[in-house]
Amino acid sequence: MKTLGEGEQTPAGAPPAPSPALPAEHGTRQRVARSILDHGPSTAADLAQRLSLTQAAVRRHLDTLVTEGIVEPRERRVYGNRGRGRPAKVFALTDCGRDAFDQAYDQLAADALRWIAQAAGGGEMGEAAVAAFARARVQKAAERYARRLDQVPPEDRAKALAKALTEDGYAATARSAPATAAGQGGEQLCQHHCPVAHTAEQFPQLCEAETEVFSRLLGTHVQRLATIAHGDGVCTTFIPKMPSDPSAADPEDAAPQHDAKPPITSKAGRNPA
């Protein structure tokens with residue numbers, strides 16, 4: 001992993017100038033970048049509160065990280081009804097910033113998946129072979145997650161899944177989601193880091209297999225709203241709230257409505273239209 005926030009290099013042959021404050025500056029800058037990785041796109045105020053720093057100090061580090069190409073400013077993405085005024089500016093990791101952590105084997109993984117597709121004959125057969133690999137890849141993790149989720153009540157399963165994903169490096173959280181236009185509430189499962197994001201850009205089957213696992217583990221259809229692989233700051237999955245007594249649900253609710261959005265299965269690794 002490369003060091004974030006490196007300064008100018010000392011000219012060849014010249015002794016390095018002493019700078020006792022530099023390590024602390026680098027350490028704080030690393031903490032700022034790591035906080036964005038763990039929690040997703042964040043405002044300067046969010047970071048200041050999280051790291052017990054002043055907003056002025058955070059902005060100084062953010063300016064440096066932006067200059068180095070580690071983070072970039074964006075407008076906060078809003079799901080549901082948007083309030084008045086412009087959304088707050090947030091800072092998200094760039095591809096370069098994510099590379100600074102742990103994505104050294106992306107090219108190897110992409111080459112292997114490309115070989116699998118070609119060996120299967122390419123075209124639709126190649127895509128099916130990659131999809132089969134993606135499902136097999138997540139199966140062992142799914143079995144571990146299932147054991148964890150079986151130990152908690154249904155209403156706590158999204159949080160339990162987020163905790164399990166975090167332990168596997170996905171820096172995940174679960175929180176209440178704003179109601180949809182149809183008034184449906186639920187939760188958002190947010191993965192603030194994806195170790196295979198660059199590979200998933202080329203092979204969305206990786207995202208599709210993961211979404212299928214989430215749906216199976218949680219016992220309900222889930223909808224992928226955003227992915228890091230296609231430029232969003234966070235992989236976001238909407239989990240609809242299930243009725244406490246499924247038998248009491250309106251029978252009409254069990255059938256797909258004519259104007260309902262279709263499940264995102266074949267496009268899980270892509271931004272929805």
Side-chain angles (χ1 to χ4, degrees), residues 1-2 4 27 30-42 46-47 49-51 70-71 92-93 95 97-106 108-109 112-113 133-177 186-201 203-220 222-230 232-239 242 268-269:
M1 171 178 168
K2 75 178 184 181
L4 304 181
Q30 288 272 10
R31 290 173 60 210
V32 170
R34 181 73 207 193
S35 184
I36 295 173
L37 173 69
D38 289 342
H39 297 274
S42 305
D46 292 336
L47 290 162
Q49 182 177 18
R50 217 178 282 147
L51 301 174
I70 301 298
V71 304
L93 286 179
D95 286 345
R98 294 184 186 280
D99 286 342
F101 287 92
D102 59 358
Q103 294 172 329
Y105 297 101
D106 283 338
L108 176 63
L113 290 175
F133 167 83
R135 293 190 184 98
R137 171 183 171 271
V138 298
Q139 184 55 38
K140 285 189 177 181
E143 292 170 359
R144 286 191 289 109
Y145 297 162
R147 289 193 291 270
R148 295 276 291 270
L149 269 61
D150 285 345
Q151 299 174 11
V152 299
E155 63 269 20
D156 293 335
R157 286 179 181 169
K159 289 183 174 62
L161 178 57
K163 185 176 181 181
L165 287 166
T166 296
E167 292 172 1
D168 280 351
Y170 290 87
T173 58
R175 63 189 181 194
S176 296
E187 292 180 278
Q188 281 183 357
L189 178 67
C190 299
Q191 295 158 264
H192 303 286
H193 181 50
C194 177
V196 297
H198 290 323
T199 307
E201 288 179 23
F203 297 97
Q205 294 95 328
L206 297 173
C207 298
E208 292 163 9
E210 183 182 75
T211 305
E212 290 171 6
V213 164
F214 291 170
S215 181
R216 191 164 67 246
L217 289 171
L218 297 169
T220 184
V222 301
Q223 184 179 19
R224 186 56 64 86
L225 300 177
T227 63
I228 293 171
H230 279 262
D232 297 295
V234 180
C235 292
T236 306
T237 304
F238 177 73
I239 306 166
M242 292 184 292

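With rounding to the nearest 0.5 Å, the separation of CD in Glu201 from NE2 in His230 is 6.5 Å. Note that CD of Glu212 and CD of Gln205 are 10.5 Å apart. Values are rounded to the nearest 0.5 Å. Considering CG of Leu165 and SG of Cys190, their distance stands at 11.5 Å, rounded to 0.5 Å. For the atom pair Asp156 CG and Leu161 CG, the distance stands at 12.5 Å (nearest 0.5 Å).
For the pair Ala229 and Ala197, the tightest heavy-atom approach, listed with the atom from each and the gap, is CB-O, 3.6 Å. Here the closest non-hydrogen pair linking Leu217 and Ala142 is CD2-O, 3.7 Å. Nearest heavy atom pair, residue Leu189 against residue Ala162, reads CD1-CB, 3.8 Å. Closest of all the heavy-atom pairs between Ile228 and Gly233 is CG1-O, 3.8 Å.
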Side chain to side chain contact (heavy atoms under 4.5 Å, CB included) between Arg216 and Val213, worked out: CA-CA 5 Å; Arg216 191 164 67 246; Val213 164; 3.7 Å; yes
Worked verdict on Leu206 versus Leu113 for side chain to side chain contact (heavy atoms under 4.5 Å, CB included): CA-CA 10 Å; Leu206 297 173; Leu113 290 175; 4.2 Å; yes
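Checked by atom type and distance alone, the side chain of Ser42 pairs as donor or acceptor with a backbone atom of Gly40 at under 3.5 Å. Using modelled atom types, one side-chain atom of Ser215 and one backbone atom of Thr220 make a donor-acceptor pair closer than 3.5 Å.
In this structure, Gln188 and Leu225 have side chains that are in contact, with non-hydrogen atoms separated by less than 4.5 Å. At a threshold of 4.5 Å between non-hydrogen side-chain atoms, the residues Leu47 and Arg50 count as touching. Side-chain contact between Val196 and Glu210: absent, with no pair of heavy atoms (C-beta onward) separated by less than 4.5 Å. For the pair Ile36/Ile70, no side-chain contact is recorded, criterion being any heavy-atom separation below 4.5 Å from C-beta on. Contact check for Asp168 versus Arg144: side-chain heavy atoms found under the 4.5 Å cut-off. For the pair His192 and Val234, the minimum side-chain heavy-atom distance is below 4.5 Å. With a 4.5 Å cut-off on side-chain heavy atoms, Phe214 and Arg224 count as touching. Side-chain contact check for Thr173 versus Thr166: every heavy-atom pair is 4.5 Å or farther apart.
Atom CD of Gln139 has more than 12 heavy atoms from other residues, nucleotides or ligands within 6.0 Å.
Using a 4.0 Å cut-off between charged side-chain N and carboxylate O, Arg148 and Glu167 make a salt bridge.
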